[in-house]
J.: 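Let me give you the structure first, and then I'll get to my questions.
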Amino acid sequence: LNIASRLGNTPRKIMLEDGSIFSSNDNENIDTYLVRDKNFIHKLESSLLWITFSLVFTIFFAFSFVKWGIPTISNKIAHSLPLSVNNLIAKNTLKTLDTIMLKDSKLSSTRKEAITSIFRHKLLAQIDKNDKINYKLHFRHWEYNKIGIANAFALPNGDIVLTDKFVQLSQNADEINSVLLHEIGHIEKRHSLQRLIESSFIAFIVMFISGDGTMVSDMGIGLGSLLVSSEYSRNHESEADLFAFEKMLTLKIDPKNFSSIMKRITNDLRFEQETKTLIQSDEKNGKDIIDYLSSHPNSLLRIKMANQY
């Protein structure tokens with residue numbers, strides 16, 4: 001007789017010599033009369049001590065893998081892939097953004113040329129050219145509910161977008177340069193590709209645990225994925241900040257310029273009527289409630305770090 005290993009209280013299958021299969025729920029009698037030694041898995045799941053140990057180990061392993069494993073693996077994969085992958089991801093992205101939310105810049109040609117000139121001749125001179133990334137600045141007007149949005153963001157192929165409101169809030173070239181170095185840091189560290197890989201890992205894990213890919217839309221699972229993804233993004237932002245601060249010191253740019261423009265952008269967002277009701281501040285520790293769901297670290301912490309540098 002070929003007796004299947006016991007798995008909990010699931011029906012047991014016994015294959016007879018002629019190939020017939022006998023199925024029974026009477027696992028106790030099968031173990032008593034037909035099986036000399038209980039299988040190892042059944043011994044483990046029959047012991048409260050091993051069940052507790054396995055549960056604790058599984059939780060610890062899962063937490064460690066999500067917290068440190070996925071970011072480490074994603075970082076290795078992102079840097080091992082050729083630059084053409086970044087170009088593929090970024091292809092047509094700017095065109096899509098121009099269609100759905102960005103408009104032509106209203107800045108003067110003189111202002112744009114001055115920013116671009118410093119970017120090319122001063123900032124890019126400090127960047128390692130081994131990856132052969134083709135850096136390029138794009139100026140756009142971003143308006144939402146009649147409010148100009150101050151922002152800067154980078155695409156993985158080297159395109160960096162500056163909004164008009166961001167340039168208008170900047171009081172000198174070094175403030176703009178500090179943010180540009182931050183965006184270069186994202187590109188150099190391949191954060192966009194890492195984020196894509198991390199998101200794929202999370203989606204796979206959620207599907208594996210739930211047994212159904214459609215379960216991702218469930219509120220609980222979706223919120224958990226959001227929080228994990230936000231944490232990864234916060235780490236990327238912090239890494240890009242440190243990259244920018246180091247380069248600023250090399251270029252003799254005071255990192256306080258970064259804290260100055262960050263304060264101005266934060267205050268501009270806080271006091272706009274449309275966003276005022278969305279932000280609730282805890283004056284005691286200076287931490288916004290929405291920071292928990294923000295893709296960026298707490299602004300005051302970033303400003304503090306810049307001032308330390």
Side-chain angles (χ1 to χ4, degrees), residues 54-55 57-102 128 130-136 138 151-161 182-244 290-298:
S54 300
L55 180 61
F57 175 80
T58 301
I59 294 174
F60 176 77
F61 177 81
F63 174 82
S64 300
F65 183 71
V66 171
K67 181 70 176 179
W68 299 292
I70 291 179
T72 301
I73 295 172
S74 299
N75 181 54
K76 296 292 184 182
I77 295 176
H79 283 86
S80 65
L81 293 175
L83 185 62
S84 57
V85 176
N86 277 339
N87 295 332
L88 182 64
I89 294 173
K91 185 179 180 181
N92 294 325
T93 299
L94 186 58
K95 185 182 296 184
T96 302
L97 293 175
D98 285 339
T99 301
I100 61 176
M101 69 180 193
L102 300 179
D128 187 3
N130 289 337
D131 280 343
K132 297 181 180 179
I133 297 174
N134 182 27
Y135 286 97
K136 187 176 180 181
H138 301 269
N151 198 9
F153 59 89
L155 300 179
N157 64 339
D159 288 335
I160 300 177
V161 177
H182 170 89
E183 299 304 330
I184 291 174
H186 281 308
I187 298 170
E188 291 290 315
K189 301 295 183 180
R190 300 199 174 190
H191 286 158
S192 296
L193 191 54
Q194 287 185 50
R195 187 73 185 276
L196 180 62
I197 297 170
E198 289 165 355
S199 299
S200 300
F201 266 117
I202 295 170
F204 174 78
I205 291 172
V206 170
M207 184 174 64
F208 180 79
I209 293 174
S210 66
D212 183 3
T214 60
M215 287 293 291
V216 176
S217 60
D218 179 80
M219 187 61 184
I221 297 176
L223 181 59
S225 299
L226 171 62
L227 291 172
V228 172
S229 298
S230 295
E231 179 63 26
Y232 289 153
S233 183
R234 289 178 182 221
N235 291 338
H236 291 167
E237 292 296 334
S238 297
E239 192 175 9
D241 283 349
L242 296 178
F243 175 92
I290 62 170
D291 276 327
Y292 289 108
L293 298 179
S294 173
S295 62
H296 289 61
N298 178 266

J.: Can you list the residues that meet the side-chain contact (heavy atoms from CB on, under 4.5 Å) rule with Ser64, with sequence neighbours excluded?
T.: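 With sequence neighbours excluded, Ser64 shows a side-chain contact (heavy atoms from CB on, under 4.5 Å) to Phe60, Trp68, given in chain and number order.
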
J.: For Phe153, look at atom CZ and say whether over 12 heavy atoms of other residues, nucleotides or ligands are found less than 6.0 Å away.
T.: yes

J.: Looking at Asn157 and Asp159, would you say the former's side chain and the latter's main chain have a donor-acceptor pair under 3.5 Å?
T.: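 Yes; judged by distance alone, with no hydrogens or angles, the pair exists.
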
J.: Which of these, Glu183, Lys189, Glu188, sits in a side-chain contact (heavy atoms from CB on, under 4.5 Å) with His186?
T.: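 Answer after filtering Glu183, Lys189, Glu188: Glu183.
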
J.: To check you understand the geometry: which heavy-atom pair defines the closest contact between Ala240 and Gly185, and what is its length?
T.: CB-C, 4.4 Å

J.: Is any side-chain heavy atom of Ile187 closer than 4.5 Å to one of Tyr135?
T.: yes

J.: If we only count heavy atoms from C-beta on, is the Leu94 to His138 side-chain gap below 4.5 Å?
T.: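 In short, these two side chains touch, coming nearer than 4.5 Å.
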
J.: The criterion is side chain to side chain donor-acceptor pair (under 3.5 Å); which residues satisfy it with Asn87, sequence neighbours excluded?
T.: none

J.: With rounding to the nearest 0.5 Å, note down the distance linking OG in Ser192 to NE2 in His236.
T.: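 Spacing of OG (Ser192) from NE2 (His236) equals 9.0 Å.
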
J.: Tell me yes or no: between the side chains of His191 and Glu237, is some donor less than 3.5 Å from an acceptor?
T.: no

J.: Test of understanding: with side-chain contact (heavy atoms from CB on, under 4.5 Å), list the residues that count as partners of Leu242, not counting sequence neighbours.
T.: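 Leu242 satisfies side-chain contact (heavy atoms from CB on, under 4.5 Å) with Phe245, Met305, Tyr309 only.
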
J.: State the CZ-CD1 distance between Phe65 and Ile70, to the nearest 0.5 angstrom.
T.: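 Phe65 CZ to Ile70 CD1: 4.5 Å, rounded to 0.5 Å.
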
J.: Which value, rounded to the nearest 0.5 Å, describes the distance between Ile184 atom CD1 and Phe243 atom CZ?
T.: 6.5 Å

J.: Where do His182 and Asp241 land on the side chain to side chain contact (heavy atoms under 4.5 Å, CB included) test, with the steps shown first?
T.: CA-CA 6 Å; His182 170 89; Asp241 283 349; 2.7 Å; yes

J.: List in chain and number order the residues that pass side-chain contact (heavy atoms from CB on, under 4.5 Å) with Thr93, two or more places apart in sequence or in another chain; answer none if no residue qualifies.
T.: Leu97, Leu155

J.: Under the rule for side-chain contact (heavy atoms from CB on, under 4.5 Å), what residues qualify as partners of Ala78, not counting sequence neighbours?
T.: Arg190, Leu193, Gln194, Ile197

